[in-house]
Amino acid sequence: MSHDLNAAQREAVNTLSGPLLVLAGAGTGKTRVVIYRIAKLIKSGVPAQRILAVTFTNKAANEMRQRTTALLGRRRGQQRPEISTFHSLCVRVLRRHITVLGYPKRFAIYDRADQESVARATLREIKVPGETLRPSDFLYFISRWKMASVRPRKATSLAGTDKEHLAAVAYRRYQNNLKSKGAVDFDDLLLLTEELFEKYPDARRAEADRFDHLLIDEYQDTNGSQYRIIKRLAIGHRNLCVVGDDDQSIYGWRGAEITHILRFERDWPRATVVRLEENYRSTAAILERANQLILFNKNRHDKVLRAARHGGEPPRILQFKDETAEAEGIVQDLKKRLAQRGTVPRDFAILFRTNEQPRAFEMVLRKENLPYVLVGGMSFYDRKEVRDLLAYLKVLANPHDEPSLLRIINTPPRGIGQATVKRLLDLAVSNGKSLWSTLGSPAARAEAGDKAARSIGQFRATIESFRSRVGHDSLSRLVSELIQKTGYTSELSRIYTDPTEREARMASVEEIVNAVANYEKQAQKPTLSGYLEEAALGDRDDTTEKDSQLARNAIALMTLHSAKGLEFPQVYLVGLEEGILPHHRSVAADGDAIDEERRLCYVGVTRARDRLTLSLALTRKKWGKARDSQPSRFLYEFTGQAELLKAKKASAQTRLKATTRRKSRSPARR
DNA sequence: GCACTGACCGTTTTT
DNA sequence: CGGTCAGTGC
C-alpha cells in the first residue's frame with residue numbers, strides 16, 4: 001500500500017502510537033498521509049470506530065470521509081472511522097451530558113442571526129443605546145472571550161475600555177438569556193464541552209474512552225478551547241496525531257493560535273515529529289518565490305519546501321491603472337491562455353483578499369461570456385428565503401424559539417405589525433412567559449386590538465395544526481404544504497417584479513424543499529430536530545451544491561481563505577496592494593497581524609501548480625472614490641527587493657521616486 | 001401596518 | 001458604491 005509514498009510520508013503513516021506532529025507544507029500530500037494512516041491503523045487491528053479524525057470545516061470532513069471510503073472499500077456492515085468537525089463532535093458530547101450543566105437535553109443551537117437577535121434583546125434589557133454598543137460589536141467581544149474561555153466574571157476584570165466593560169456586563173446576561181431559552185451558540189458548543197470536561201471528570205473519561213486514536217487536521221487553526229478539548233481527550237492514550245502547517249495559519253482573527261502547533265513538542269513529551277517538505281504540486285519557479293516570501297515571518301517551524309517538479313515559468317507581476325483595468329487585463333490574459341490546446345476553464349482560479357474585489361472580475365467575465373463560479377459568497381443558509389423557511393421549521397420544533405418566531409410572525413405580512421409585536425413582547429417579559437405562550441392569552445388579545453388579534457389567532461392555528469403533524473407526516477410534505485398555506489411563494493412573486501430575481505428567490509425555496517427531501521432520504525431516522533441540527537451545523541451533504549459548483553467546468557473566483565486546501569494549474573492572485581494584501585486592518589493593528597497576511601499571501605502563491613500571475617492596480621475606487629494604491633510589501637519581499645522597500649520607508653521622497661520608476665518598468669521583471 | 005426614502009456604514013471567515 | 005436599517009408619510 002505504501003510503495004507510492006516517500007520516506008517522510010511513510011514515517012508519518014507508520015508511526016501508529018504516541019504523539020505525532022506532522023508538519024506538512026503546502027502541496028506535500030497531507031490529506032493522503034492522513035487517510036493512509038487511518039487505513040494503516042485499521043489494518044493493524046484497531047477497530048475503525050475507535051479512531052476519531054477531527055477537521056475544522058464540513059468540506060474537509062466530507063472529503064476525508066469520501067477518500068477513506070474509497071481507500072477502504074465499501075463493505076456492508078463494516079464500521080467506519082469517526083470523521084467529524086469540532087463542532088459536531090461537541091454537539092454529540094453535549095447531547096449525552098449537557099443536563100449536568102443545567103441545559104435541556106434537546107438544547108437548540110443558535111446561529112449568527114439568532115445570536116444577533118438575542119444580543120439585541122439583551123442590550124435592550126440593560127438599556128444600552130445602539131450607538132453606545134452595537135449588537136455586532138457586542139457579539140464580537142463575547143466571541144473573543146469565549147474562544148479564550150473567559151467567563152463573564154473574568155471578562156469584567158479584563159475589560160479595558162468603556163465599551164468592553166459594558167459588553168462584559170451584558171455578557172453574563174446574554175448567557176443567561178440563552179440558557180433560559182435552552183439554547184447555545186456556536187462558541188458555547190466548544191466552551192461548554194470544555195466546562196463539562198473540567199467539572200465532570202467522569203464525563204470526560206467516558207468521552208475520552210470512546211476512542212483509542214485521535215487525528216486532528218489543520219492543527220495550526222485550533223483556538224484555545226479546541227486545544228484544551230483535544231488535550232483532555234488524548235491525555236489517557238497519548239495516541240494523538242496532529243497535522244498542520246504553521247505557515248498556513250490564517251484564522252488568527254477568529255481565535256486560532258499558532259503557538260499551539262509551535263509548542264506541540266513541549267506539550268507532548270517524546271513526540272515524533274515528521275516534516276513533509278517535498279512539494280509535488282508547484283514548479284520550482286513558483287516554490288522558490290513562496291519560500292522567499294515566508295522567510296520574512298519570524299515565528300515558525302523551520303522548514304523549506306523542496307520542489308519535486310523542476311524548472312517552470314517564473315511568476316509574473318502585472319500592473320494596471322485601476323481595478324477595472326486589472327479585471328480586464330487579467331481576463332484578457334486568461335482568455336489568451338484558455339485558447340491554448342488542452343486548457344479548460346476549470347484550470348484557472350482568480351484569488352483575492354476581500355469580497356469586494358470579485359465584482360469587477362465578474363462584470364468582465366460575464367461580458368466575455370466566460371463560465372465562472374464565485375465560490376463561497378453567500379451561503380445557502382444565508383439566503384433570506386432559506387432562513388425564513390428554516391425559522392418556520394424551528395418554530396414547529398419549538399414554538400418558544402423566540403428569534404425564529406419573531407422572524408416569521410409577520411412573514412409574509414399578515415397584519416401583525418411591529419407595534420403589536422413590541423407590545424406583545426413587553427407583555428411576555430413582564431409576565432415572565434415566552435412570546436408564544438403570551439400570544440394565546442386573553443391579555444394579548446386585549447393588547448393587540450381586534451384586527452391583529454384575529455391574525456394572531458389564525459397564525460397560531462396554522463402553526464398548531466402543522467405542529468400536530470410533526471412526527472406523523474413526512475417532513476418534505478410538511479414543508480411544501482407550509483409554503484402553500486402561508487402563501488410564501490405568492491408573496492415572493494408579488495414583491496419581486498424583476499423576473500431573474502424572482503426566479504432566483506423561487507429557486508432558493510425549491511432548494512430547501514429538496515434539501516429536506518434529501519435529508520429524509522439519507523437519514524436513518526429522519527426527524528425534524530435532526531434536520532434542524534444538521535442545518536445549524538451546515539453538516540449536510542452538499543455534494544449537490546458546492547462540489548457540482550467546482551466540478552462545473554468554470555473559472556473559480558474565491559477569497560484566499562476559501563482557497564486553502566485547493567490547487568489549480570493556473571492562478572491569478574490579484575490586488576497585491578498595501579491596504580488589501582496586507583489588509584489595512586492588519587497594517588493598523590500592532591503585533592504579528594502582518595505575518596498572518598503574509599501567510600495568506602503564501603497560501604495563495606502555493607495554490608498554483610504550473611503558472612502564477614500576481615497583479616496590482618495603481619489606483620482603486622473605495623466607496624466610490626478613487627484612491628492611490630501602493631504596491632504590496634509582499635511583492636518586494638517575494639522578488640528579493642525588500643531592501644528597496646526599507647529605503648522607501650526611510651524617506652517619503654525616495655518612496656515617490658521608487659514608485660514612479662516602478663511605473664515605467666514592470667516591478668517584477670526579476 | 002406597510003412601503004418608500006434617505007442616512008449611515010464599511011468588507012478576512014467558519015461553525 | 002452598495003447594502004442595511006430606522007424613520008416618515010400614507
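Values below: every heavy atom of this structure, side chains too, minus hydrogens, waters and symmetry copies.
As a whole-Å value, the separation of Arg620(A) CZ from dT11(B) C1' is 13 Å. Between the P atom of dT13(B) and the CZ atom of Phe56(A) lies a distance of 17 Å, rounded to the nearest Å. As a whole-Å value, the separation of His561(A) NE2 from dT13(B) C1' is 6 Å. At whole-Å resolution of the value, NZ in Lys621(A) and P in dT11(B) are 21 Å apart. One can place CE of Met558(A) at 12 Å from P of dT14(B), the figure rounded to the nearest angstrom. In this structure, Lys384(A) atom NZ and dG3(C) atom C1' are separated by 15 Å, rounded to whole Å. Rounded to whole angstrom, the span from the CZ atom of Arg144(A) across to the P atom of dT15(B) amounts to 19 Å. Taking atom NZ of residue Lys146(A) and atom C1' of nucleotide dT14(B), one finds them 16 Å apart after rounding to whole Å.
Residue-level contact check: Phe86(A) touches neither bases nor backbone, having no heavy atom under 4.0 Å from any strand.
Every ring-ring contact (aromatic ring centres under 6.0 Å, His included) that Tyr219(A) has, sequence neighbours left out, goes to Phe264(A). Looking at residues two or more places apart in sequence or on another chain, you find a salt bridge (Lys or Arg N to Asp or Glu O under 4.0 Å) between Asp247(A) and Arg300(A), Lys303(A). Considering only residues two or more places apart in sequence or on other chains, Lys564(A) meets the salt bridge (Lys or Arg N to Asp or Glu O under 4.0 Å) condition with Glu218(A), Asp221(A). Not counting sequence neighbours, the partners of Lys231(A) by the side-chain contact (heavy atoms from CB on, under 4.5 Å) test are Tyr227(A), Asp267(A), Trp268(A). Residues passing the salt bridge (Lys or Arg N to Asp or Glu O under 4.0 Å) test with Lys321(A), sequence neighbours excluded: none. By the side-chain hydrogen bond (donor to acceptor under 3.5 Å, both in side chains) test, Arg620(A) pairs with Glu326(A), Glu577(A), sequence neighbours left out.
Taking every side-chain heavy atom of Thr85(A) into account, dT15(B) is the closest of dT12(B), dT13(B), dT15(B). The side chain of Ser562(A) sits closest to dT14(B) out of dT15(B), dT12(B), dT14(B). For Phe186(A), the side-chain atoms get nearest to dT15(B) when compared with the rest of dT14(B), dT15(B), dT12(B). When each of dT15(B), dT14(B), dT12(B) is scored by its nearest atom to the side-chain atoms of Asn58(A), the top-ranked nucleotide is dT15(B).
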Short N/O separations, protein against nucleotides 1-5 of chain B, under 3.5 angstrom:
residue	atom	partner	partner atom	Å
dG1(B)	OP2	Thr420(A)	OG1	2.7
dC2(B)	OP1	Gly415(A)	N	3.4
dC2(B)	OP2	Asn410(A)	ND2	2.8
dA3(B)	OP1	Arg494(A)	NH2	3.2

For nucleotides 8-10 of chain B, print each protein N/O atom paired with a nucleotide N/O atom at under 3.5 Å, atom names and distance only.
residue	atom	partner	partner atom	Å
dG10(B)	N3	Trp623(A)	NE1	3.2

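In this model, a donor atom of one side chain and an acceptor atom of the other lie less than 3.5 Å apart for Asp187(A) and Ser143(A). Side chains of Ser455(A) and Gln458(A): no donor on one and acceptor on the other come within 3.5 Å.
Sorted by first then second residue, the salt bridge (Lys or Arg N to Asp or Glu O under 4.0 Å) pairs that include residues 404-414 of chain A, not counting sequence neighbours, are Asp388(A)-Arg407(A).
Along DNA chain B, the nucleotide nearest Glu356(A) and the nucleotide nearest Asp187(A) are compared for position; the residue whose nucleotide lies closer to the 5' end is Glu356(A). Toward the 5′ end of DNA chain B lies the nearest nucleotide of Arg353(A), the other residue of the pair Thr57(A) and Arg353(A) mapping further downstream.
Residue Asn223(A) has no polar side-chain atom (N or O) positioned under 4.0 Å from OP1 or OP2 of dT14(B).
Ring pair Trp145(A)/Tyr171(A) is parallel by interplanar angle, where below 30° counts as parallel and above 60° as perpendicular.
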